[in-house]
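Counting starts at 1 for both ligands and their atoms, following the listed order. In this text, all values refer to a predicted model and were calculated from it rather than measured experimentally.
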Amino acid sequence: MKNDFRQKLHLEPKSGWINDPNGLCYFKGEYHVYYQYSPDSPSGSGRKCWGHWKSPDLISWRSTGTVLFPDTPDDKDGVYSGCGFVKDDTLYLFYTGNVKEDGDHDYITSGRGANVILVTTKNGHDMSPKKILLRNSDYPAECSCHVRDPKVWEEDGRYHMVLGARTLQDIGCVLHYVSDDLENWTFLEKYTADDMGYMWECPDEFTIDGQRFLSISPQGLVHGKFDNQNVYSSGHYRMENGNLTDFTEWDKGFDFYAPQSFEAPDGRRILLGWEGIGDIPYTNPTVELGWQHCLTLPRELTVTDDGKILQNPVRELDSLRKNAAPINSGDTVKISLPFDLAAKAAGDIKVRFDNVLQFVSCGSESKLEFLNDSAGCGRDVRYAYIPELRDIRIIADKASVEVYINGGETVMSARMYPEDTEITLSAEGISGTLYELNGIEVITDE
Ligand code: FRU
């Protein structure tokens with residue numbers, strides 16, 4: 001069947017542009033996913049709003065449409081990224097109101113307002129009036145006008161907020177504020193690191209099994225063969241006594257940025273990212289069809305004994321599996337998108353989708369490589385250094401692929417645009433199970 005590029009497993013807008021996941025939380029019995037949304041334009045121009053989906057089970061979703069608009073002087077140029085914080089029967093949403101002043105400005109050192117704004121909601125979509133909590137004058141003097149993307153949590157009897165920032169010296173950093181009432185915030189400290197770019201976006205600080213992490217999306221890193229291959233990066237530090245160590249990228253593929261995490265009611269930490277990046281040198285052919293970009297699958301985060309984060313698709317997605325069939329080395333099978341392949345590996349492997357793309361692991365080098373440009377739309381190859389590949393899970397949607405390696409130690413994600421929804425899959429060096437997948441359900445209220 002000809003591929004219309006409409007995703008079956010990934011959240012994407014019917015029309016317009018989506019970028020970062022925002023306001024992720026579990027509130028009143030439902031998961032809530034807000035997102036950066038440009039309803040008027042698939043290229044991301046025009047009004048930047050927040051859209052909203054909610055779900056009781058991460059499988060059946062309801063879109064309540066656009067819930068926050070840039071309709072005040074303090075956010076007139078965009079309801080930028082932010083977070084959700086649940087307290088009692090209220091959801092507090094914190095975001096950055098982006099303001100661009102008229103005049104001759106570079107919009108880095110002057111001309112831009114970056115306001116932390118609070119709205120509250122009792123049902124997830126009807127919002128209170130907006131209240132400004134922090135303005136540029138409240139940030140440390142060393143900061144440029146680029147300060148944004150609040151993430152709030154409660155710990156040790158106080159509320160905490162991290163904000164991503166760029167200093168006037170073009171050094172990326174995170175600003176940490178504290179509050180006793182969620183409204184009055186005091187600057188506490190700054191986190192930064194050497195040679196980690198000029199701007200850190202979308203910070204997220206959290207603990208899993210007693211191990212502390214800081215996630216950031218830094219811009220301006222040096223690109224290497226195995227590291228920071230994309231225009232902008234995204235990864236996490238281990239935090240020990242305020243020290244940041246072992247920056248590890250979340251995803252080694254082409255399309256991943258600005259993730260956010262939240263805690264599910266059963267204690268799992270779940271992460272969603274934008275399955276896209278700004279300012280990319282490749283394209284997405286859905287722009288001509290009226291929409292662009294999607295979010296990643298929700299991923300469960302766990303931590304190994306030696307403090308490494310593992311990412312795996314949330315277990316709820318297993319309920320979409322059907323028609324399991326064995327797949328072994330040397331097999332070539334036809335399968336329809338979307339599908340899920342879970343396999344053990346012994347030595348070098350290759351999993352190939354027609355002439356669309358292949359995942360190859362040879363020695364300590366793994367790569368996700370497009371085999372023709374109409375499927376990659378400018379994407380070529382991304383590498384991961386993996387000394388021993390033991391297992392692999394590939395979830396292929398109609399217009400994307402996520403490869404989870406070694407129990408989720410490494411993930412590689414990419415948008416892909418095969419002409420047909422039926423794929424010929426060939427496998428070498430693996431043995432496991434191939435499942436067809438039902439899609440998630442998305443109902444739209446708009
Ligand atoms: C990350 C980002 C955020 C900002 C938002 C605007 O992709 O640049 O820093 O708040 O997107 O859409």
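- Under the 3.5 Å distance criterion, with hydrogens and angles disregarded, a donor-acceptor pair is assigned to the side chains of Ser179 and Asp181.
- Shortest contact from atom 2 (C) of ligand 1 to any protein heavy atom: Asp20 OD2, 3.4 Å.
- Among protein heavy atoms, the minimum distance from atom 10 (O) of ligand 1 is reached at Asp149 OD1, 2.6 Å.
- The shortest side-chain heavy-atom distance between Lys48 and Gln36 falls under the 4.5 Å cut-off.
- Distance check, rounded to the nearest 0.5 Å: OH of Tyr257 to SG of Cys202 gives 6.5 Å.
- Taking the charged nitrogens against the carboxylate oxygens, Arg158 and Asp180 have no contact shorter than 4.0 Å, which rules out a salt bridge.
- Residue-to-ligand polar distances place Arg148 within reach of ligand 1: an N/O pair is separated by less than 3.5 Å.
- Listed by atom number, the atoms of ligand 1 under 4.0 Å from Tyr257 heavy atoms are 1 (C), 7 (O).
- Close contacts of ligand 1 with Ser81, meaning ligand atoms under 4.0 Å from a residue heavy atom, involve 5 (C), 10 (O).
- For ligand 1, one of its N or O atoms has an N or O atom of Glu201 under 3.5 Å away.
- A distance of 8.0 Å separates CD in Glu183 from CZ in Phe94, rounded to the nearest 0.5 Å.
- Residue contacts with ligand 1 do not include Thr96, since none of its heavy atoms lies under 4.0 Å from the ligand.
- The side chain to side chain contact (heavy atoms under 4.5 Å, CB included) test applied to Ile132 returns Asp74, Asn115, Ile117, Arg135, not counting sequence neighbours.
- If you check the side chains of Ser60 and Asp57, you find a donor sitting under 3.5 Å from an acceptor.
- Only the side chain of Asn19 comes within 4.0 Å of ligand 1, counting heavy atoms alone; its backbone N, CA, C and O stay farther away.
- The nearest protein atom to atom 6 (C) of ligand 1, hydrogens excluded, is given as Gln36 OE1, 3.2 Å; this is a heavy-atom distance.
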